[in-house]
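Here's the structure, in structure tokens; my notes come after.
Chain A is the first sequence line, chain B the second, and so forth, proteins listed ahead of strands; every chain is numbered from 1.
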There are 2 protein chains.
Amino acid sequence: MQRRGGGGGGRDGPGGRTIVTLADVARAAGVHYSTVSRALDPVSSAQVNLETRQRLQALATRMGYQKDMVASGLKRGRTHTVAVIAGDLGNPNLAPVLRGIASGLEQAGLMTLISETQFDSARLERILNHLMSRRVDAIIMTAARPRDAPTLRWIRRQGLPLVLAIQTVPGIRLPACTNDDYLGGVLAARHLLSLGHRRLAQLRGPMEFSSCFLRAQGFSKTVAAAHAEEVVVRSTALWGSPEMGGALMRELLDKKGARPTGIFAHHDLTAFGALSVAEERGLTCPRDLSIVGYHNLPHNDRIAPPLTSISQPREELGRTAAEILIAVLSKPGRTPAPRLVRPSLVVRKSTGPPPKAQ
Amino acid sequence: MQRRGGGGGGRDGPGGRTIVTLADVARAAGVHYSTVSRALDPVSSAQVNLETRQRLQALATRMGYQKDMVASGLKRGRTHTVAVIAGDLGNPNLAPVLRGIASGLEQAGLMTLISETQFDSARLERILNHLMSRRVDAIIMTAARPRDAPTLRWIRRQGLPLVLAIQTVPGIRLPACTNDDYLGGVLAARHLLSLGHRRLAQLRGPMEFSSCFLRAQGFSKTVAAAHAEEVVVRSTALWGSPEMGGALMRELLDKKGARPTGIFAHHDLTAFGALSVAEERGLTCPRDLSIVGYHNLPHNDRIAPPLTSISQPREELGRTAAEILIAVLSKPGRTPAPRLVRPSLVVRKSTGPPPKAQ
DNA sequence: TACGGCCTTGCAAACGTTTGCGCCAGACCG
DNA sequence: CGGTCTGGCGCAAACGTTTGCAAGGCCGTA
């Protein structure tokens, strides 16, 4: 299929490019190719005489030799490739995380393969088969939900190292890196409480995501500990959007009883939708109600009013996930402890003291 | 290194998982493994007798056989992997494009490898070496600039199929998929002109990006064709940010002569910054000036005033890039024509008729 | 019946790298 | 001076798949 060059050796690649192999270098150096292999491999290079080693290394770089990772992968069973399985690549919050992962892995000589399940389990299965057949060294999963637990266990049974990022799954012990969403909820609650709010509410995201669940818990516990009141509305089924936020806000305002003055939205977009509905109802923010968002989207200071929000270091999360994965690969036995990345509160104009009237 | 199982055959993978090979299936079926290979390969399966073929296919799936793509890649020289080289993965506009690419490629059985240059040419070189050594089948490059032309030519010389996405490079003929940025500029200009504006200006992005260059051209030509006036300010060195927008806006307002009333920002974030500065100077939008942004970021309708913007189908762009790539791979000789994805204008409240006074 | 043409299947050599094993020469020791 | 040890290198067998080639059987025709 692939022609061997006549004189100089070297293989013709698909596009007619010449590929220099170990054999080519060996021929040029007058040694056996296994010697070249050893000379170029950092660990076995001690087995070859110092000066031949240096000569071969110099020759290899001069000839433009590049180890064929495919062949190496076949032989060694390690492809130096890590797959990231995301739920929705369209989610803008994901990009910085991916960046962190990719740059963190790159430093360890690992490449990043990305794929997207679109939260479809058949698709996930197809992807996993693909990845197994490609012999990836490990998997990072970014949007795992409780219902994915069997799949996660399956992956683990296959012996594939697995690290969770962004979301964790209760009841399954796996190395993971997430935001400290519980703390995020606490920060939001504390902020509103410290401003004097005593009637609070949450516009919650889907509770199957650990991030939302923990945010809700952190918030509720803090509110309860302060003996303040929390008005409960249902959580959304879909992830943050203005429409969802509007719907929840309407539901909240339609409830009988005193209206909450401090609101914690699990997503900035949800907060936007809620603000629109509040304005329709003649409420102004922050005079009549305060609202805290989540994610600290880049335009929060341009909207009216600029949105107080919880900021998460997303790229750091990705880098940390990469670190964990590298640790797992280097010592397969141990499961590193889950790691948390701390969020912080960014105060803007959408929060203030509650109205005096109440 | 890897132990062979005693009785049943099968290889033990890194984590102790058992891998079923062609030889295992063949042994179980009592045929030679080459026959199994042929039976399972869609093109050569015609060579094997219908009923053995079916028997082998059934047995293979029953035994959980999965073709080892690494071994196949070594033999065939095709890895079914495509690399996407991005400039900045943190750019939120990129995520939908990546999604489009990944899902488009997946349908052709190709996997997507992503990497990020951070606009550092040494890094780009390292990445390319890595990719070559990994024998990727093709490369998609998303943020090429004129200064990258030598590298692009080098890739082409290596015989690696290459497709540009989002940005093109003048003077180098390569298959590409971009937004019709020229049209975007035209749409912005037409909109402002049709509202009655006669003095216009642009807050331009870095002109080394073909996208910005073409937007600028489309806008300027349309303005000139309408015999309206364009006030020129320098373009930014960095990509859209509120700070950049503010700086450019200040420069524009400090110019002597009549103030432009219609402004086209090459990025929504630039527009946001410009709006802030305008407000500082006591100008209100859209009463005193109109502004059109670009990218149609998801929160444009929540800012004050909601921002008129040019929307680009980003995911479609990614899918189209994938289509082009697949075409290139299927017939290596031909260079498919560059394709354009059409943007559209989304009118909101930041644009209106010019002030009567002028 | 002999022979040429198929349809199927087996054989074995690749693809490029890694690595256990063994060989050789030189050094060292008794 | 003979034996053992060791550093350095070559040999060849893998890793799992693909594929040209050939061999065997079967059929049809001369």
Side-chain angles (χ1 to χ4, degrees), chain A residues 1-5 9-14 18-27 29-56 60 65-80 132-135, chain B residues 1-5 9-14 18-27 29-56 60 65-80 132-135:
Chain A
M1 198 199 110
Q2 280 140 343
R3 285 184 308 103
R4 278 225 149 259
R11 183 170 68 93
D12 287 1
T18 297
I19 290 175
V20 180
T21 72
L22 279 181
D24 298 324
V25 179
R27 209 171 313 132
V31 296
H32 194 262
Y33 59 87
S34 64
T35 308
V36 184
S37 171
R38 275 189 269 257
L40 299 182
D41 184 39
V43 347
S44 55
S45 70
Q47 298 176 32
V48 23
N49 176 280
L50 180 62
E51 72 181 312
T52 25
R53 184 200 312 173
Q54 288 173 343
R55 183 169 61 100
L56 293 178
Y65 171 77
Q66 280 256 100
K67 166 154 66 170
D68 184 328
M69 295 305 286
V70 178
S72 173
L74 173 60
K75 183 62 187 167
R76 290 227 234 233
R78 277 254 188 154
T79 53
H80 298 273
M132 300 279 306
S133 113
R134 223 161 260 267
R135 306 286 185 258
Chain B
M1 195 199 114
Q2 278 140 346
R3 284 184 310 101
R4 278 225 148 260
R11 184 170 67 93
D12 287 2
T18 296
I19 290 176
V20 181
T21 71
L22 279 182
D24 298 323
V25 180
R27 209 171 312 134
V31 297
H32 194 263
Y33 58 87
S34 63
T35 308
V36 185
S37 171
R38 276 189 268 258
L40 298 182
D41 182 41
V43 347
S44 54
S45 71
Q47 298 177 32
V48 23
N49 176 281
L50 179 62
E51 72 181 313
T52 24
R53 184 199 313 174
Q54 288 173 341
R55 183 168 61 99
L56 292 178
Y65 171 77
Q66 281 256 101
K67 167 154 66 169
D68 184 330
M69 294 305 285
V70 178
S72 173
L74 173 60
K75 182 64 186 163
R76 290 226 236 231
R78 277 255 189 155
T79 54
H80 298 274
M132 300 280 304
S133 114
R134 225 160 258 269
R135 307 284 184 259

> Roughly, in whole Å, what's the span from CZ in A:R76 to P in D:dA13?
Replying inline: 21 Å
>> Please report the distance, rounded to the nearest Å, between NZ in B:K75 and P in C:dA12.
In response: 16 Å
>> Can you identify which nucleotide, out of D:dC9, C:dT17, C:dA14, has its nearest atom closest to the A:A71 side chain?
In response: C:dT17
> Whole-Å distance between D:dT18 C1' and B:D68 CG?
Replying inline: 13 Å
>> Looking at every non-hydrogen atom in both residues, tell me the closest pair between A:Y65 and A:V20 and how far apart they are.
In response: CD1-O, 3.3 Å
> Under 4.5 Å between any side-chain heavy atoms of A:R134 and A:M132, yes or no?
Replying inline: no
> To the nearest angstrom, how far is B:L74 atom CG from D:dT17 atom C1'?
Replying inline: 8 Å
> According to a strict under-4.0 Å criterion, is B:R78 in side-chain N/O contact with OP1 or OP2 of D:dT18?
Replying inline: no
> Are the charged groups of B:R53 and B:D41 less than 4.0 angstrom apart, N to O?
Replying inline: no
> Can you find a donor-acceptor pair, distance only, under 3.5 Å between B:R38 side chain and C:dG10 base?
Replying inline: yes
> What's the CZ-C1' distance between A:R53 and D:dG7, to the nearest Å?
Replying inline: 12 Å
> Taking atom C1' of D:dT17 as reference, at what distance in whole Å does atom CG of B:L40 sit?
Replying inline: 11 Å
> Does B:Q47 or B:Q66 map to a spot on DNA chain D nearer the 5' end, using the closest nucleotide for each?
Replying inline: B:Q66
> Hey, is the side chain of A:T35 poking within less than 4.0 Å of OP1 or OP2 on D:dC9, counting only N and O atoms?
Replying inline: no
> Does OP1 or OP2 of D:dT17 have a side-chain N or O of B:S37 closer than 4.0 Å?
Replying inline: no
>> Which nucleotide wins on minimum distance to the side chain of B:Y65, given the candidates D:dT18, D:dC11, D:dT17?
In response: D:dT17
> What are the two closest non-hydrogen atoms of A:D24 and A:T21, and how far apart are they?
Replying inline: OD2-N, 2.8 Å
> If you look at every heavy atom in B:A39 and B:L56, which pair is closest and at what distance?
Replying inline: CB-CD1, 3.8 Å
>> Closest approach to the side chain of B:N49, judged atom by atom: which nucleotide of C:dT8, C:dC15, C:dT18 is it?
In response: C:dT8
>> What is the separation between atom NE2 on B:H32 and atom C1' on C:dG10, rounded to the nearest whole Å?
In response: 6 Å
>> I want to verify a distance call: between D:dG10, C:dT17, C:dA12, whose nearest atom is closest to the B:Y33 side chain?
In response: C:dA12
>> Categorize B:S34 for me: base, sugar-phosphate, or nothing, with a 4.0 angstrom heavy-atom threshold over every strand shown.
In response: base
> Among C:dT9, D:dC9, C:dT18, which is the nearest nucleotide to the side chain of B:T52?
Replying inline: C:dT9
> Hey, does B:V70 reach any base, or is it just sugar-phosphate, or nothing, if we go heavy atoms under 4.0 Å?
Replying inline: nothing
> Whole Å only: how far is the CG atom of A:L22 from the P atom of C:dT18?
Replying inline: 7 Å
